Amino acid sequence: MTDCRFTREQRLLNAADFQRVFDKTKLKVSTRELLILGAANDLGHSRIGFIIAKKNIRTAVHRNRIKRIIRNFFRVHCSEFDTADLIIMARRGLDQRSNSEINRMFSDLWYKLVRQSSSR
RNA sequence: AGAGUUGGCCAGGCAGUCGCUGGUCGUAUUCGCGAGAAUACGGCGGGAGGAAAGUCCGGGCUCCAUAGGGUAGAGUGCCAGGUAACGCCUGGGGGGCGAAAGCCUACGGAAAGUGCCGCAGAAAAUAUACCGCCAGCUUGCUGGUAAGGGUGAAAAGGUGCGGUAAGAGCGCACCGCGCGGGUGGUAACACACCGUGGCAGGGUAAACCCCACUCGGAGCAAGACCAAAUAGGAAUCCAUUUGUGCGACCCGCGCAGGAUUCGGGUAGGUUGCUUGAGGCGUAUGGUGACGUACGGCCUAGAUGAAUGACUGUCCACGACAGAACCCGGCUUAUCGGCCAGCUCUCUUU
């Protein structure tokens, strides 16, 4: 999985997928403005889903921007990780951060997650 | 050149790397007798806005019943036109602001009825008389007044002359107002036009209300199709006393009954889904909104939701902000830049 693509199979698509992650959360890393939940799957690849509440991130432009940046990071780095389903949750204040700040923040969380996963 | 004002246009550019999405072409694999379909990979070109926003109006489209009559309710409110329609737009009229260009205007009815109107003031609408003024006499009372003063946002027209005890539309002239007519205008309305009446009776209708006109309801999570689970119904035809259900309510309409037939439809998927009251150009009618004719154009269609990220570079250093069925408006947010018309001021020739 060294090619850097991002297809429909790599996304959490329905409510049942999301619920499964919430019920079987094994991985959890966070900062003040971001939270990642993870649960192992047996599909042979990772999947990602977003929960970005309108209450926390008020304008659609910022919600789109956050999703695009994180999705792009996931696309490039997904091969570094075991197969799992991840949910990215945005908290209040994230829309105040610039693109590079979000990239750095997510990168820190990502490697924390990789360590947590491999130590298991 | 500066100040103002109105209308229109643009919304960082370029290059590279890595992606996403739908279209099309090609190749491969699978399915199919076949037309073709699905999946994967590759090539090519497409991929947010002026407000995509708020959801405040209007319409298309879909379903409810074929959307019909009445009541209730809601909306609109100077006139004429435009439009699919509108609460929008255009032109005109009245009123207000400005030196002007121009801007603002919820602008029907207070003589159908009801309600409300603080303080001050004698009195806020049936009128009335605090200080005055005048007359009379018993010198502080009676009568006559509303010119003057005072209160107030507002005191039952204004100015002048006559008149009178003092005054007063009491009389007259002009201004204002009402009514009737005339003229101009499709009309709202206007008039330094004519006649007539001494003269309307406060404000508030974005208070109830009255008058005129308009409006059936719900929305793409509408609706249609495929279909695990689960439950026993569903569709068509016939009948319509009674029972029951339905939209804000009524008139009204549907369902239950009998017969025939067999599928039904939650998760999920497919569709609706972008060619449309579309945009561009030319000609033409119109003051204009806009209409008509001809030519050629196709310009996002996602669905846990694409349209991006990173790097370099240039400059004016980039605001507000992301389509979700589709259009027409309105409103609100917005870094800046460009173009055109008009008004005023200054300088120069």
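Nothing here was measured: the structure is a model prediction, and the numbers come from that model. Order of the sequence lines fixes the chain letters, A, B, ..., with proteins taken first and strands second; residue numbering starts at 1 for each chain.
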For [N], the Watson-Crick or wobble partner whose two distances fall under 3.5 Å:
| N | result |
| --- | --- |
| C310(B) | G16(B) |
| C213(B) | G75(B) |
| U236(B) | A259(B) |
| A106(B) | none |
| G157(B) | C175(B) |
| A51(B) | none |
| A37(B) | U30(B) |
| C342(B) | G4(B) |

If we only count heavy atoms from C-beta on, is the [X] to [Y] side-chain gap below 4.5 Å?
| X | Y | answer |
| --- | --- | --- |
| Thr59(A) | Asp95(A) | no |
| Ile36(A) | Ile87(A) | no |
| Phe50(A) | Arg71(A) | yes |
| Leu35(A) | Lys28(A) | yes |
| Asp108(A) | Met105(A) | no |
| Leu86(A) | Trp110(A) | yes |
| Met89(A) | Ile52(A) | no |
| Leu34(A) | Arg91(A) | no |

Could you measure between the two [atom1] atoms, the one in [N] and the one in [M], and give it in whole Å?
| N | M | atom1 | answer |
| --- | --- | --- | --- |
| G308(B) | G47(B) | P | 11 Å |
| G288(B) | U83(B) | P | 15 Å |
| C280(B) | C249(B) | P | 48 Å |
| A112(B) | A206(B) | C1' | 23 Å |
| C117(B) | A154(B) | C1' | 12 Å |
| A123(B) | A155(B) | C1' | 8 Å |
| C86(B) | G82(B) | C1' | 12 Å |
| G184(B) | U282(B) | C1' | 42 Å |

Glycosidic conformation of [N], taking syn as within 90° of 0 and anti otherwise:
| N | value |
| --- | --- |
| A48(B) | syn |
| U299(B) | syn |
| G50(B) | syn |
| U274(B) | syn |
| U139(B) | syn |

Review point. Nearest nucleotide by nearest heavy atom, which residue falls closer to the 5' end of RNA chain B, Ala60(A) or Ile51(A)?
Key: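 Comparing both residues, the 5'-ward one is Ile51(A).
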Exercise for review: Name the residue closer to the 5' end of RNA chain B, choosing between Asn99(A) and Gly49(A) according to the nucleotide with the nearest heavy atom.
Suggested key: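 Nearer the 5' end of the strand: Gly49(A).
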Point to revise | Nearest listed nucleotide, side chain of Asn72(A), among C310(B), A323(B), G308(B) | key: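 Between C310(B), A323(B), G308(B), the one nearest the side chain of Asn72(A) would be G308(B).
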Practice item. Between A306(B), A321(B), A309(B), spot the one nearest the side chain of Thr59(A), thanks. Key: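 For the Thr59(A) side chain, the nearest candidate turns out to be A321(B).
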Practice item. Hey, could you give me the CG/CZ distance between Leu109(A) and Phe73(A), rounded to the nearest 0.5 Å? Key: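 So the gap between those two atoms works out to 9.5 Å.
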Check your understanding: If you measure from CG on Leu94(A) to CD1 on Ile102(A), what distance do you get to the nearest 0.5 Å?
Key ->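 Taking CG in Leu94(A) and CD1 in Ile102(A), the distance rounds to 4.5 Å.
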Review point. Under 3.5 Å, side chain of Arg92(A) to main-chain N/O of Ile57(A), donor-acceptor pair present?
Key: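 Not at all, since once roles are kept as given, no pair shorter than 3.5 Å links the two residues.
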Under 3.5 Å, which N/O atoms of the protein pair with N/O atoms of nucleotides 12-15 of chain B?
none

Between [X] ([atom1]) and [N] ([atom2]), how many Å, whole number?
| X | N | atom1 | atom2 | answer |
| --- | --- | --- | --- | --- |
| Arg65(A) | U307(B) | CZ | P | 14 Å |
| Phe50(A) | G304(B) | CZ | P | 14 Å |
| Asn103(A) | G308(B) | CG | P | 16 Å |

Exercise for review: Please name all residues satisfying side chain to side chain donor-acceptor pair (under 3.5 Å) with Asn72(A), sequence neighbours left out, ordered by chain then number.
Suggested key: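 Residues passing side chain to side chain donor-acceptor pair (under 3.5 Å) with Asn72(A): Arg75(A).
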Close N or O pairs between protein and nucleotides 47-52 of chain B (under 3.5 Å):
none

Practice item. Respond yes when some side-chain nitrogen or oxygen of Arg71(A) is under 4.0 Å from OP1 or OP2 of U21(B), and no when none is. Key: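 No, outside the criterion.
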